[in-house]
Amino acid sequence: MAIVAGEITPALSPEAELAPVTLDRPVRTDLETSIPKPYMARGLVAPDTEHPNGTPGHMHHNMSVLQQHCAFFDQDNNGIIYPWETYTGFRQIGFNVIASLVMAILINVGLSYPTLPGWFPSPFFPIYLCNIHKAKHGSDSGTYDTEGRYMPVNFENMFSKYGRAFPDKLTLRELWNMTEGNREAYDFFGWVANKFEWALLYILARDPDGFVSKEAIRRCFDGSLFEYCANMQRRDQRKMK
């Protein structure tokens with residue numbers, strides 16, 4: 001429960017005794033001590049309690065956080081992501097040929113049409129970054145709002161609600177529980193897309209103990225994780241030569 005001047009105040013309590021789920025999935029009530037206005041959507045950066053100003057050294061280029069998440073796959077920086085660019089991006093971060101091909105098809109086929117500037121579909125399945133917010137699906141964590149901004153409070157609440165083993169990392173089971181908890185009624189596309197995205201992140205960013213760290217997840221949201229993984233892959237390839 002929220003506490004003001006040493007007293008429990010029901011008006012500010014995030015819990016309701018007759019709704020057990022509010023007790024089982026607690027939310028953070030202390031974020032303003034480390035993040036200024038954590039309830040305010042951020043357009044350019046992805047802060048958390050350890051990085052209130054976002055990722056150090058990461059350039060936002062005046063793109064929304066959702067656009068930054070996708071921009072790594074825009075290989076020629078023209079604001080349009082074609083399937084072959086998605087394929088190239090996945091290869092750069094370490095996925096094999098078959099996985100990269102499958103993901104390029106699924107992602108571009110699934111996300112292209114909502115982002116198109118007109119009504120007619122394109123046989124090349126481009127994804128337009130300027131309209132990427134229109135491709136945001138439901139049943140997600142709410143860390144992106146409907147305009148592609150970043151919500152610090154929703155990001156932090158992922159870990160307070162579902163991080164049982166550690167407060168700053170999630171297991172595969174906890175990720176599964178989170179996707180189940182975020183399900184919205186009859187949102188079949190969102191159910192599948194949400195699990196697909198988190199499964200990809202788990203494959204990409206899990207540590208040797210099977211955890212995905214809070215930092216890796218945060219950097220996935222602003223896209224800097226992909227740049228990091230690509231740099232690591234290039235470094236490993238140079239060592240092998």
Do the rings of [X] and [Y] sit parallel, tilted or perpendicular, given the 30° and 60° boundaries?
{"X": "Phe90", "Y": "Phe95", "result": "perpendicular"}
{"X": "Phe155", "Y": "Phe221", "result": "perpendicular"}
{"X": "His137", "Y": "Phe189", "result": "perpendicular"}

Is it the case that Asn194 and Trp198 place a side-chain donor and acceptor less than 3.5 Å from each other?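 Side-chain D/A pair, Asn194 to Trp198: present.
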Do the side-chain N and O atoms of Asp222 and Thr55 include a donor-acceptor pair separated by under 3.5 angstrom?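 Side chains of Asp222 and Thr55: pair found under 3.5 Å.
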Does a side-chain N-to-carboxylate-O contact under 4.0 Å join Glu156 and Lys214?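 Salt bridge between Glu156 and Lys214, a charged N being under 4.0 Å from a carboxylate O: yes.
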Rounded to the nearest 0.5 Å, what's the gap from [atom1] on [X] to [atom2] on [Y]? Could you check?
{"X": "Leu204", "Y": "Leu225", "atom1": "CG", "atom2": "CG", "value": "5.0 Å"}
{"X": "Leu116", "Y": "Phe125", "atom1": "CG", "atom2": "CZ", "value": "10.0 Å"}
{"X": "Asp145", "Y": "His133", "atom1": "CG", "atom2": "NE2", "value": "10.0 Å"}

Got Leu170 and Phe159 here, is their nearest side-chain heavy-atom distance under 4.5 Å?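 Result yes, sub-4.5 Å side-chain heavy-atom pair found.
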Ring-ring centroid check Trp191 Phe188, cutoff 6.0 Å: yes
Aromatic contact, His69 with Phe226 (centres under 6.0 Å):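 Between His69 and Phe226, the centre distance is under 6.0 Å.
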Using the ring of Phe211 (Phe, Tyr or Trp, six-membered ring only), decide whether Lys169 places NZ or CZ under 6.0 Å from its centre and within 45 degrees of its axis.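 Flagged: Lys169 positioned over aromatic ring of Phe211.
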Counting heavy atoms not belonging to Tyr113, are there more than 12 under 6.0 Å from its OH?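 Check passes, neighbour count above 12.
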